[in-house]
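One structure is given here, and the rest of the page talks about it.
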Amino acid sequence: MQSEVASAIYKALEIAKKSNLLQCQIPAQIILERPKNRDHGDYATSIALTLAKQANLQPRVIAQVIIDSMNSNNLLTPAGISKTEIAGPGFINIFLATASQAAIIPKIISTGKEYGSSNLLVGKKINLEFVSANPTGPLHLGHTRWAAVGDSLGRVLSAAGAEVTREFYVNDRGNQMDLFGASIRAAALNQPRPESGYHGEYIEDLANQIQKSNPDLISLPESESIAAFRDAGYKLQLAQQNRVLDNFGTHFDVWFSEKALYENNFFDHSLNKLKAQGHVYESEGAIWLRTTDFGDDKDRVMIKSDGSFAYFASDSAYYVSKRERGFNLCIYMLGADHHGYVGRIKAIAACAGDDKDKDVEILIGQMVKIIEGGEEIKLSKRAGTIITLEELVEKVGKDAARYTLTRFPTDTPMVMDVDLLRKNTNENPVYYVQYAHARICAVLRNAKDYGIDYEIKSFNPELLVHERERELIGLLAEFPRIVSAAAQAREPHRVARYIEDLASQYHRFYNDCRVLPLGDEKPTELNSARATLCLATAQVISNGLDLLGVSAPEKM
RNA sequence: GCGCCUGUAGCUCAGUCGGAUAGAGCAACUGCCUUCUAAGCAGUAGGUCGCAGGUUCGAUUCCUGCCAGGCGCGCCA
């Protein structure tokens, strides 16, 4: 409906311009908004206000010209418009005819799971990198935020037509890995762990497991033994992360090994590529990338003066790898403690000859705090430091954890209240939304028992005239727009906020509009039409929850 | 010192092409179930949108400065 309305306005403007009633440039897109206030119609546009200046006319005069043009050229009825009015400084409020508004219902049902999808990002091949935790310990809260939001963003981008690869970068080389190996070995020997090593309880678990399956490692010469413990521990820990993420509903397409960047001369290849662009130089015995050419604070060392690779070497080669694997957009999701990397990653892209504003995007996730019993939880037995993903899921369940983490924009620090997430009331938005879905399913089960026919083919759109019905339908029609906007802005939380609105709107409808017959009444066409509306609503809630990776239960 | 993020109701937070009377949940108060799931709905109350300027028909939204809080500024990974 929306596009019909927009094009009707567009045509009206064109005609008015042709007949010299208006002198202005017609914008390519007519923006329709949903007014907050229902009295302002189903849609409203401020087009007359924005054109006022260049047309050199009062906004209200322009609005009148547009409306006259729509009237005299018979544009209203075909677009499903029943009424227009000019309001305030020059808004045009648009009211839809019942039947044309309700036409979205069968469309939703027949489109099913695909309703909300678009081709907005068709042709975009996106590398979505998130979590990328070091394989030296369990995933903690910061990772958890990305595990939820990143996965959801992947779903939203896919729904917008993009081809998305979810990627986890495994830092499987370097000092940290060696410290990790030494820590496990120390635990196996019952010796004190290295000063700056790893101290969580899980290190002992790893040591025990390795001892059990490979009792010989302990007796190897020290450096070999550390390496052996490192490699064995790394495999176990990575598998543990994989398993936990899997339980969480977050699945990666690629687990990319940092070590692999140094195999088959790939690093040299990527270095040559950067050299060819002219931003590599040597100084004080080290090899540098001149990232300051592109706004970074300082140049970065790739190969240290002792000949070893700096971490940044991997970053640069990794970027080259992504681009060579055919991705035309690389999205990095980083924790706030890494936001200092934004400049240098962008600079790598630019040094590789890419457009740092278009080919790379970096999303920063702010910190997550978790409170229970009114106090912040800081300690985790397992990790030795902060609470883990696994522990969070044990406490509140997968759905509540995922939902809560995805319903806030990532650039805001957030507080999770464990006690609240365990509540089954509308304090807890997950249950609020899921409950709406379960409620609809119950109504539909009962409708079936009544023999009420809510198939598309018997749907009569003229009957849904109640204010609550119209509001609900209007909101259902918004869903594709919400998903597209969420994809465009890389903000999956918009989907969450939308389904909360939708759930609320459904509950209001449910309260005021009886779906099923009362007592001995015989089912009417209105019962059917309302049941069909219920079915469409359930579909949209379910699609929305699915984009967040949260289940849509049929019973609660 | 420099950079990024944040500041909206008592609390937790929404509010991007700048739009009409700034919203939701909780907490407080008042109603609604012998009939669809009350895990729900309706109502009352609650605000100098951090502060001060600027841009314009119009600013919570854009720009500048300031104040407050969080985080980051290695030839570590």
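No experiment lies behind these values; they were computed from the predicted model shown. All chains are named by letter (A, B, ...) in the order of the sequence lines, taking the proteins before the strands, and each is independently numbered beginning at 1.
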Would you kindly compare A/M556 and A/R508 by the position of their nearest RNA chain B nucleotide and give the one closer to the 5′ end?
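Per heavy-atom nearest nucleotide, the more 5' residue is A/M556.
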Nucleotide nearest [X] (side chain, heavy atoms from C-beta), chosen from [options]:
| X | options | answer |
| --- | --- | --- |
| A/A336 | B/rG15, B/rC71, B/rU37 | B/rC71 |
| A/R497 | B/rA14, B/rC41, B/rC71 | B/rA14 |
| A/R514 | B/rC41, B/rC36, B/rA14 | B/rC36 |

Nucleotides 4-12 of chain B: protein proximity per nucleotide (B base, S sugar-phosphate only, - neither; heavy atom, under 4.0 Å)
BSS------
Below 4.0 Å: OP1/OP2 of B/rC33 and any side-chain N or O of A/N511:
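For A/N511, the contact criterion (side-chain N or O under 4.0 Å from OP1 or OP2 of B/rC33) is not met.
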Closer than 4.0 Å, any side-chain N/O of A/Y432 to the OP1 or OP2 of B/rC41?
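Yes, A/Y432 has a side-chain N/O under 4.0 Å of OP1/OP2 on B/rC41.
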Near-ring test A/F256/A/F168, centroid separation under 6.0 angstrom:
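Not close enough - the centres of the two rings lie 6.0 Å or further apart.
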For A/Y432 and A/Y435, I'd like to know if the aromatic rings sit close, meaning centre-to-centre distance below 6.0 Å.
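Ring-ring flag for A/Y432/A/Y435: false, centres at least 6.0 Å apart.
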Nearest 0.5 angstrom please: A/S528 OG to A/Y450 OH, how far?
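With rounding to 0.5 Å, OG (A/S528) is 13.5 Å from OH (A/Y450).
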Distance, nearest 0.5 Å, that separates CG of A/D315 from OH of A/Y169:
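Answer rounded to 0.5 Å: 5.5 Å.
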Can you name the closest pair of heavy atoms from A/Y198 and A/T136 and give their distance?
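Minimum heavy-atom contact is OH-OG1, 3.2 Å.
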What are the two closest non-hydrogen atoms of A/S132 and A/N171, and how far apart are they?
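It is O-OD1, 4.1 Å.
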Touch class at under 4.0 angstrom, heavy-atom based, for A/P59 against every strand present
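The residue A/P59 makes no contact with any strand.
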Roughly how many Å is it from CG in A/D297 to P in B/rC71, rounded to a whole number?
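Rounding to the nearest Å, CG of A/D297 and P of B/rC71 are 19 Å apart.
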A/K36 has an atom NZ; how far is it from atom C1' of B/rA14, in whole Å?
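Taking atom C1' of B/rA14 as the reference, NZ of A/K36 is at 12 Å.
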Provide the Watson-Crick or G-U wobble partner of B/rC66, both distances under 3.5 Å; none if there is no partner.
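Checking every strand shown, B/rC66 finds its partner in B/rG50, with both distances under 3.5 Å.
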When you measure only distances, ignoring hydrogens and angles, does the side chain of A/N93 come within 3.5 Å of the base of B/rA20 through a donor and an acceptor?
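A donor-acceptor contact between them is present.
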Taking atom P in both B/rC49 and B/rA22, what distance in whole Å separates the two?
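The same atom, P, in both gives a distance of 10 Å.
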Atom pairs under 3.5 Å: protein N/O with N/O of nucleotides 74-77 of chain B:
from	atom 1	to	atom 2	distance (Å)
B/rG74	O5'	A/K298	NZ	3.3
B/rC75	O2	A/S305	N	2.9
B/rC75	O2	A/S305	OG	3.1
B/rC75	N3	A/S305	OG	3.3
B/rC75	N4	A/E284	O	3.3
B/rC75	N4	A/E284	OE1	3.4
B/rC76	OP2	A/K304	NZ	3.2
B/rA77	OP1	A/K304	NZ	2.9
B/rA77	OP2	A/Y311	N	3.3
B/rA77	O3'	A/R173	O	3.0
B/rA77	N6	A/Y341	OH	2.5
B/rA77	N1	A/Y341	OH	2.2

Sequence neighbours excluded, which residues qualify as side chain to side chain donor-acceptor pair (under 3.5 Å) partners of A/R193?
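A/R193: side chain to side chain donor-acceptor pair (under 3.5 Å) contacts with A/E204.
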